[in-house]
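Let me begin by presenting the structure, written as structure tokens, before commenting on it.
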Amino acid sequence: MFCMKIATYNVNGVNGRLPVLIRWLQQSNPDIVCLQELKSPNEKFPLQAIEEAGYKAIWHGQKAWNGVAILAKKKYDLKEMGRGLPGDPLDIQSRYIEAMVNGILICCLYLPNGNPAPGPKFDYKLAWFKRLSSKARALLKKNIPVILIGDFNVIPTDLDCHKPESWVNDALFFPESKKAFKKLVDQGWTDALRTLYPDKKIFTFWDYFRNAFARDAGIRIDHFLLSPQIAGKLYKAGVDKEVRSWEKTSDHAPVWIQLKK
DNA sequence: ATGCCTTACTATGTAAGA
């Protein structure tokens with residue numbers, strides 16, 4: 001059966017992690033990839049290495065922080081549909097880019113962390129979330145296949161972390177964050193991993209410190225939200241957990257879904 | 001409760017991440 005594999009990976013520095021990224025691309029062989037936390041200005045995006053690995057790319061970077069990109073195998077047409085989330089012309093952080101690939105609108109996002117909370121960073125997180133929800137509602141009205149993909153920086157429920165009580169003072173697990181995520185999903189989106197694995201502890205991030213990965217003390221914050229026009233095609237999903245154990249690796253692991261044709 | 005790691009930057013410390 002032909003399947004399309006779509007992945008998301010918060011690389012935590014696309015240049016610093018380039019060997020890990022390329023190794024994972026070759027091993028996992030996804031058709032489409034959303035990257036977050038490039039931590040690279042546009043002119044330093046490692047296009048050549050990514051092209052040599054078999055992909056074309058669009059990216060929205062900035063110096064030192066943030067940055068998002070969409071990669072697609074060279075056989076696909078990758079058409080950028082926009083960058084930057086509407087709703088705040090003063091927002092200069094590079095956290096959103098979208099592209100049409102093979103009839104699917106791929107929306108790659110890096111939602112603000114929001115710590116320390118409460119505070120101005122948490123206010124920015126909630127404001128950004130509100131803008132994302134408005135955008136998402138407009139996308140649903142198009143009645144086309146859309147996927148919101150990326151690092152949402154939200155632990156949706158207790159099942160999505162190893163130990164809920166250790167996250168209660170964190171912006172990723174604040175009631176406002178969880179409510180905003182639930183409200184977004186309730187617009188009509190399908191949380192791909194949770195839908196396929198309703199009761200399973202699945203993690204996509206493990207702290208560098210406290211020996212978190214060895215203890216499997218992780219959280220699930222990287223998500224795929226599918227519009228109704230594509231949710232029925234969801235076939236498989238998973239986390240490439242072993243990548244988190246590699247040398248010079250990101251604190252996130254790549255996450256992927258497979259869609260039936 | 002923290003920032004135990006790790007990144008980028010014009011840097012030998014600071015800010016940020018989650």
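Letters A, B, ... mirror the listed sequences (proteins, then strands); counts begin at 1. Since the model is a prediction, treat every value here as computed from it, not as a measurement.
Closest to the A:Tyr208 side chain, of the nucleotides B:dT7, B:dC5, B:dC9, is B:dC5. Between B:dC9, B:dG17, B:dT7, one nucleotide has an atom nearer to the side chain of A:Ala64 than all others, and that is B:dC9.
When the P atom is compared between B:dA15 and B:dT10, the two are found 14 Å apart, to the nearest whole Å. Here, B:dT7 and B:dA1 have their P atoms 29 Å apart, quoted to the whole Å. Across B:dT2 and B:dT12, the matching P atoms stand 27 Å from one another, rounded to whole Å. Nucleotides B:dT6 and B:dA11 have their C1' atoms positioned 15 Å apart, rounded to a whole Å.
Summarising the geometry, the separation between CD on A:Glu247 and P on B:dC5 is reported as 15 Å, rounded to the nearest angstrom. Between A:Asn66 atom CG and B:dC9 atom C1' the separation is 15 Å, expressed in whole Å. Across the protein-nucleic acid pair, A:Asp207 atom CG and B:dT6 atom P stand 11 Å apart, rounded to whole Å. If you measure from atom CG of A:Leu172 to atom P of B:dG17, you get 11 Å, rounded to the nearest angstrom. Going from atom CG of A:Asn115 over to atom P of B:dA15 covers 17 Å, rounded to whole Å. Rounded to a whole Å, the CD atom of A:Gln36 is 14 Å from the P atom of B:dG17. To the nearest angstrom, P of B:dG17 lies 6 Å from OH of A:Tyr110. Here B:dA1 presents its C1' atom at 18 Å from CZ of A:Phe173, a figure rounded to the nearest Å.
Contact detail for A:His252 and A:Ile221: the closest heavy-atom pair is CE1-CD1, 3.5 Å.
Of the N and O atoms on the side chains of A:Asn29 and A:Lys73, at least one donor lies less than 3.5 Å from an acceptor on the other residue. If you check the side chains of A:Asp31 and A:Tyr76, you find a donor sitting under 3.5 Å from an acceptor.
No contact: A:Lys125 has no heavy atom under 4.0 Å from any strand. Contact annotation for A:Ile155: no contact, since no heavy-atom pair falls under 4.0 Å across all strands. Residue contacts for A:Asp222: at a heavy-atom cut-off of 4.0 Å it reaches no nucleic acid atom on any strand shown.
Ring centroid separation for the pair A:Trp206 and A:Phe213 comes in under the 6.0 Å cut-off.
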Every protein N/O within reach of nucleotides 10-12 of chain B N/O, cut-off under 3.5 Å:
{"from": "B:dT10", "atom 1": "OP1", "to": "A:Lys63", "atom 2": "NZ", "distance (Å)": "2.8"}

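Within a 6.0 Å sphere centred on NZ of A:Lys201, other residues, nucleotides and ligands contribute more than 12 heavy atoms. A:Glu43 CD: more than 12 foreign heavy atoms inside a 6.0 Å radius.
In this model, the phosphate group of B:dA1 is approached by a side-chain N or O of A:Asn169 to a distance below 4.0 Å at OP1 or OP2. Taking 4.0 angstrom as the limit, A:Lys39 places none of its side-chain polar atoms (N or O) nearer than this to OP1 or OP2 of B:dT6.
Projected onto DNA chain B by closest heavy-atom contact, A:Phe209 and A:Val14 fall at different nucleotides, the more 5' of which corresponds to A:Phe209. Remark on DNA chain B: of its neighbouring residues A:Asn153 and A:Lys248, the 5'-side contact belongs to A:Lys248, judged by nearest-heavy-atom nucleotide.
Residue pairs meeting the salt bridge (Lys or Arg N to Asp or Glu O under 4.0 Å) criterion with at least one partner in residues 49-60 of chain A, sequence neighbours excluded, are absent.
Cation-pi geometry between A:Arg95 and A:Tyr110 is met: under 6.0 angstrom from the ring centre, within 45 degrees of the axis.
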